[in-house]
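Everything on this sheet refers to the single structure shown next.
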Amino acid sequence: QPQLVESGGGLVQPGGSLRLSCAASGFSMEYYAIGWFRQAPGKEREGVSCISISGGRTDYADSVKGRFTISRDNAKNTVYLQMNSLKPEDTAVYYCAADPRYGSNCPPTGTRADFGSWGQGTQVTVSS
């Protein structure tokens, strides 16, 4: 079973930046599409971004377009989520997820059901 570990979360002021990392162990991430999701208290887990196996396809939720950037370094078996211009509404636990089924694309719906392997999450809090 693939294992994913998120890191890089923390407390940041509005307008600030964080870079989240998703490190894989026990499998080669290069064959997996990787998604970032987030879940705020009392809310459903929502898709934030996705990157295809080659990095040639990336998708973003409308709420983060222009502020977040997903990237991958297959040599380091790691995917990143650079988050800029953070807002209080970005506060959530952020999860990365992996799935090998999508070839050179991201999953068509970008929902939780699209991904079979998940990390434990990292907390991001945006507050002054």
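All values below come from the heavy atoms of this structure, side chains included, with hydrogens, waters and symmetry mates left out.
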Are Val48 and Tyr80 grouped together when hydrophobic residues (ILVMFWY) are joined by side-chain heavy atoms under 4.5 angstrom apart? no
Taking the six-membered ring of Phe37, is NZ or CZ of Arg45 closer than 6.0 Å to its centre and within 45° of its axis? no
Compare every heavy atom of Arg38 with every heavy atom of Ser63, then report the nearest pair and how far apart it is. OG-NH2, 3.4 Å
Minimum side-chain heavy-atom gap Leu4-Met29 below 4.5 Å: yes
Counting C-beta onward and ignoring hydrogens, is there a side-chain heavy-atom pair between Arg67 and Tyr60 closer than 4.5 Å? no
Indicate whether the side chain of Asn84 and that of Ser17 have a donor and an acceptor atom separated by less than 3.5 Å. yes
Quick one, Trp36 and Val79 - any side-chain contact, counting heavy atoms below 4.5 Å? yes
Kindly work out whether a path of hydrophobic side-chain contacts (I/L/V/M/F/W/Y, heavy atoms less than 4.5 Å apart) joins Tyr94 to Val64. yes
For Asn77 and Glu30: C-alpha separation, side-chain torsions, deciding distance, then whether side-chain contact (heavy atoms from CB on, under 4.5 Å) applies. CA-CA 7 Å; Asn77 227 19; Glu30 67 179 306; 5.9 Å; no
Quick one, Ser52 and Asn105 - any side-chain contact, counting heavy atoms below 4.5 Å? no
Using a strict 4.0 Å threshold on nitrogen-to-oxygen distance, state whether Lys87 and Asp90 make a salt bridge. no
CA sep, side-chain torsions, deciding dist, call: Leu20, Glu6, side-chain contact (heavy atoms from CB on, under 4.5 Å): CA-CA 7 Å; Leu20 305 184; Glu6 303 92 339; over 6 Å; no
Report whether Leu18 and Val126 are members of the same hydrophobic cluster (ILVMFWY, side-chain heavy atoms less than 4.5 Å apart, transitive linking). yes
Gln39 side, atom CD; Tyr95 side, atom OH - distance, nearest 0.5 Å: 5.5 Å
Rounded distance (nearest 0.5 Å) linking atom CZ of Arg72 with atom SG of Cys22: 9.5 Å
Do Tyr102 and Pro107 have side-chain heavy atoms sitting under 4.5 Å apart? yes
Is there a donor-acceptor pair closer than 3.5 Å between any side-chain N or O of Ser49 and the backbone N or O of Asp59? yes
Any donor and acceptor pair, going by atom type alone, linking the side chain of Asp99 with main-chain N or O of Ala113 inside 3.5 Å? no
Nearest atoms (heavy-atom pairs only) where Phe115 meets Gly35: CE2-N, 3.5 Å
Would a single hydrophobic cluster contain both Tyr31 and Ile70, if residues Ile, Leu, Val, Met, Phe, Trp and Tyr are joined by side-chain heavy-atom contacts under 4.5 Å? yes
Lys76 vs Ser21 side-chain heavy atoms within contact, under 4.5 Å: no
Are Phe68 and Leu86 side-chain neighbours, meaning at least one heavy-atom pair lies under 4.5 Å? yes
Please say yes or no: joined through hydrophobic side-chain contacts below 4.5 Å, possibly via intermediate residues, are Val5 and Phe27 part of one cluster? no
